[in-house]
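Worksheet for the structure shown next.
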Amino acid sequence: MKKFFQEIKADIKFKSAGPGQKLTESVGEKAPKEKPSQLPARQPRQGPTNEAQMAAAAALARLEQKQPRARGPTSQDSIRNQVRKELRAEATVSGNPEAPGNNTVHEPKEEGSAHLAVPGVYFTCPLTGAILRKDQRDARIREAILMHFSTDPVAASIMKIHTFNKDRDRVKLGVDTIAKYLDNIHLHPEEEKYRKIKVQNKVFQERIHCLEGTHEFFEAIGFQKVLLPIPDQEGPEEFYVLSEAALAQPQSLERHKEQLLSAEPVRATLARQRRVFRPSPLASQFDLPTDFFNLTAEEIKREQRLRSEAVERLSVLRTKAMREREEQREMRKYTYTLLRVRLPDGCLLQGTFYARERVAALYGFVREALQNDWLPFELLASGGQKLSEDENLAFNECGLVPSALLTFSWDMAVLEDIRAAGTQPDTSILKPELLSAIEKL
């Protein structure tokens with residue numbers, strides 16, 4: 001573009017330079033100069049021609065194409081930005097810069113801190129009674145099951161089938177097929193063909209051979225693996241054949257079948273870590289370890305998906321019922337919850353629970369700690385909300401995650417009825433062995 005205007009200026013300057021001079025003329029020979037009577041009036045400068053204007057416009061268009069234009073916000077972008085601004089504004093008003101709403105999110109603390117409400121989340125192995133960390137559960141249970149083969153191989157093989165294989169549908173299909181084999185033997189004890197199971201059979205390979213523990217189960221209940229000849233076939237085939245000793249005890253086969261059908265996976269149980277604290281003004285403060293906040297890979301993916309859906313949902317108007325359902329869905333992302341119950345004497349009873357456990361589990365936990373567990377009582381959440389033992393509600397559905405402080409109260413109406421009957425109930429709270437281990441919060 002600059003070169004184009006330079007050419008136009010040079011052309012105008014050349015035309016205004018006056019007449020030229022032939023190269024054959026002598027330098028000394030000069031044409032006589034005529035003195036004009038007056039200087040000619042300066043001609044006004046002419047504008048560029050139409051062709052020049054068209055060329056300049058084309059050049060400008062090419063320059064504009066080379067420079068990227070900033071993309072203006074779309075309607076969806078503006079909606080999302082507005083939603084984010086509103087969320088940040090709500091979080092600022094509520095005093096929590098991390099999340100909107102009024103729910104207090106506890107900051108996870110590092111394990112080993114002196115102020116942790118509980119050292120972590122622990123589990124109990126149902127076979128050995130050992131206390132395990134979260135990352136030790138599967139390995140320790142596997143070891144315990146394998147060690148159990150030396151004492152009870154039938155029970156150990158059943159536990160291995162139900163615990164080591166994670167696909168529950170495939171386990172059910174394999175177990176039902178094994179039960180069918182045993183039913184045929186029980187109904188037709190004289191038929192030899194039912195006492196033999198071909199290992200390379202398609203059904204056996206697809207339903208049973210692929211499961212861990214099935215071969216150990218067959219051997220434990222009396223089957224033996226042998227090679228048998230096949231008519232019209234060169235080499236022998238491998239079969240499971242029921243021994244005569246096992247055939248003579250059909251009741252044992254029936255019992256083993258029922259054990260196999262009714263068994264469940266061996267899972268470590270959550271350790272309650274029951275603790276009793278003296279009265280403290282810090283009862284409502286919970287410093288939780290990272291175990292209460294760590295998410296698995298599947299939970300992280302689910303959380304990302306839920307947040308993306310939340311942005312889309314917030315871009316439209318929502319009813320009160322819709323907001324309440326979304327709040328309950330937000331509570332379901334917690335796996336564990338730490339609960340404290342303030343007793344009438346001010347002492348605090350603390351335990352760890354799954355967030356999906358029912359309120360009845362907390363009532364049972366408290367009742368086990370009471371000196372007189374037959375006396376009726378009530379548990380009240382914050383704000384005086386009564387938690388009924390009969391309601392089939394989970395802790396996350398009641399908003400009692402990832403931690404909560406509840407209040408214990410005797411059912412005074414029932415106590416008055418007991419007193420009216422001439423009996424003075426003993427309302428002593430905790431068992432003596434728990435009081436002897438009381439701690440300072």
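Computed from a predicted structure; not experimentally measured.
Residues L339 and L349 fail the side-chain proximity criterion, which asks for heavy atoms closer than 4.5 Å. Between H186 and L253 the shortest side-chain heavy-atom distance does not fall below 4.5 Å. The shortest distance between side-chain heavy atoms of L379 and F408 falls below 4.5 Å. You'll find the side chain of L348 reaches within 4.5 Å of the side chain of L405, heavy atoms only. Side chains of T352 and L270 form a contact here, defined as non-hydrogen atoms less than 4.5 Å apart. In this structure, the side chains of I197 and I208 stay at 4.5 Å or more apart for every pair of heavy atoms. Under the 4.5 Å side-chain criterion, counting only non-hydrogen atoms from C-beta, E143 is not in contact with T128. Side-chain atoms of H148 and L127, non-hydrogen and from C-beta on, never get closer than 4.5 Å to each other.
Of all non-hydrogen atoms in A220 and S157, the two that sit nearest each other are CB-OG, 4.5 Å. The heavy-atom pair separating Q371 from L430 by the smallest distance is OE1-O, 3.4 Å. The shortest non-hydrogen separation linking K160 to E216 is NZ-OE2, 2.8 Å. Shown here for N165 and C210, the closest heavy-atom pair between the two residues is OD1-O, 4.4 Å. Smallest separation of non-hydrogen atoms from Q350 and A117: NE2-O, 2.9 Å. Summarising the geometry of T124 relative to A271, their closest heavy-atom pair is OG1-CB, 4.0 Å, with the distance given to 0.1 Å.
Heavy-atom contacts from other residues, nucleotides or ligands closer than 6.0 Å to CZ of R267 number more than 12. Summarising the local packing, CD of E234 is surrounded by 12 or fewer heavy atoms from other residues, nucleotides or ligands at distances under 6.0 Å. A 6.0 Å sphere centred on NZ of K172 holds no more than 12 heavy atoms belonging to other residues, nucleotides or ligands. Other residues, nucleotides and ligands place more than 12 heavy atoms under 6.0 Å from the CD atom of Q233. Summarising the local packing, NZ of K166 is surrounded by more than 12 heavy atoms from other residues, nucleotides or ligands at distances under 6.0 Å.
Each of Q224, H215, R195 was compared with Y240 under the side-chain hydrogen bond (donor to acceptor under 3.5 Å, both in side chains) criterion, and only H215 meets it. When each of F353, Y334, F365 is tested with F395 by the rule ring pair (Phe, Tyr, Trp, His ring centres under 6.0 Å), just one qualifies, namely F353.
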In sequence, state the C-alpha distance, the side-chain angles, and the governing distance for L242 and Y181, and then conclude on side chain to side chain contact (heavy atoms under 4.5 Å, CB included).
CA-CA 11 Å; L242 187 65; Y181 286 147; over 6 Å; no
After noting the C-alpha distance and the side-chain angles of L400 and L387, does the key distance pass the side chain to side chain contact (heavy atoms under 4.5 Å, CB included) rule?
CA-CA 11 Å; L400 303 179; L387 301 178; 3.7 Å; yes
Side chain to side chain contact (heavy atoms under 4.5 Å, CB included) assessment of T337 paired with F286:
CA-CA 11 Å; T337 182; F286 294 86; over 6 Å; no
Evaluate the criterion side chain to side chain contact (heavy atoms under 4.5 Å, CB included) for residue pair L362 and V341; output intermediate values, then yes/no.
CA-CA 9 Å; L362 178 60; V341 177; 4.2 Å; yes
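In this structure, R142 does not pair ionically with D138, as no charged nitrogen and carboxylate oxygen lie closer than 4.0 Å. Between R367 and E389 there is a salt bridge, since at least one side-chain N of the basic residue sits less than 4.0 Å from a carboxylate O of the acidic one. Using a 4.0 Å cut-off between charged side-chain N and carboxylate O, R358 and E397 make a salt bridge.
With rounding to the nearest 0.5 Å, the separation of OH in Y363 from OG in S388 is 6.0 Å. Distance check, rounded to the nearest 0.5 Å: CG of L247 to OH of Y194 gives 14.5 Å. Interatomic distance, CZ of R342 versus CZ of F277, reported as 13.0 Å (0.5 Å rounding). Taking CG from L434 and CD1 from I429, the interatomic distance works out to 12.0 Å, rounded to the nearest 0.5 Å. Distance SG/C125 to CD1/I131: 9.5 Å, rounded to 0.5 Å. Atom NZ of K198 is separated from atom NZ of K193 by 15.0 Å, given to the nearest 0.5 angstrom.
One N or O on the side chain of D291 and one on the backbone of V121 form a donor-acceptor pair closer than 3.5 Å. Remark: side-chain polar atoms of E212 are not paired, donor with acceptor, to backbone N or O of T163 under 3.5 angstrom. Looking only at distances, no side-chain donor or acceptor of R207 sits under 3.5 Å from a matching main-chain atom of K202. A donor-acceptor pair under 3.5 Å is absent between the side-chain atoms of R170 and the main chain of L211, judged by distance alone. Using modelled atom types, no side-chain atom of N372 and backbone atom of L375 make a donor-acceptor pair closer than 3.5 Å. At least one donor-acceptor pair closer than 3.5 Å links the side chain of Q136 to the backbone N or O of R133.
Ring geometry for Y336 versus F292: interplanar angle over 60°, hence perpendicular rather than tilted (30 to 60°).
In this structure, the side-chain contact (heavy atoms from CB on, under 4.5 Å) partners of Q205, at least two apart in sequence or on a different chain, are V199, Q200, H209. Listed by chain and number, the residues in a salt bridge (Lys or Arg N to Asp or Glu O under 4.0 Å) with E258 amount to none (sequence neighbours excluded).
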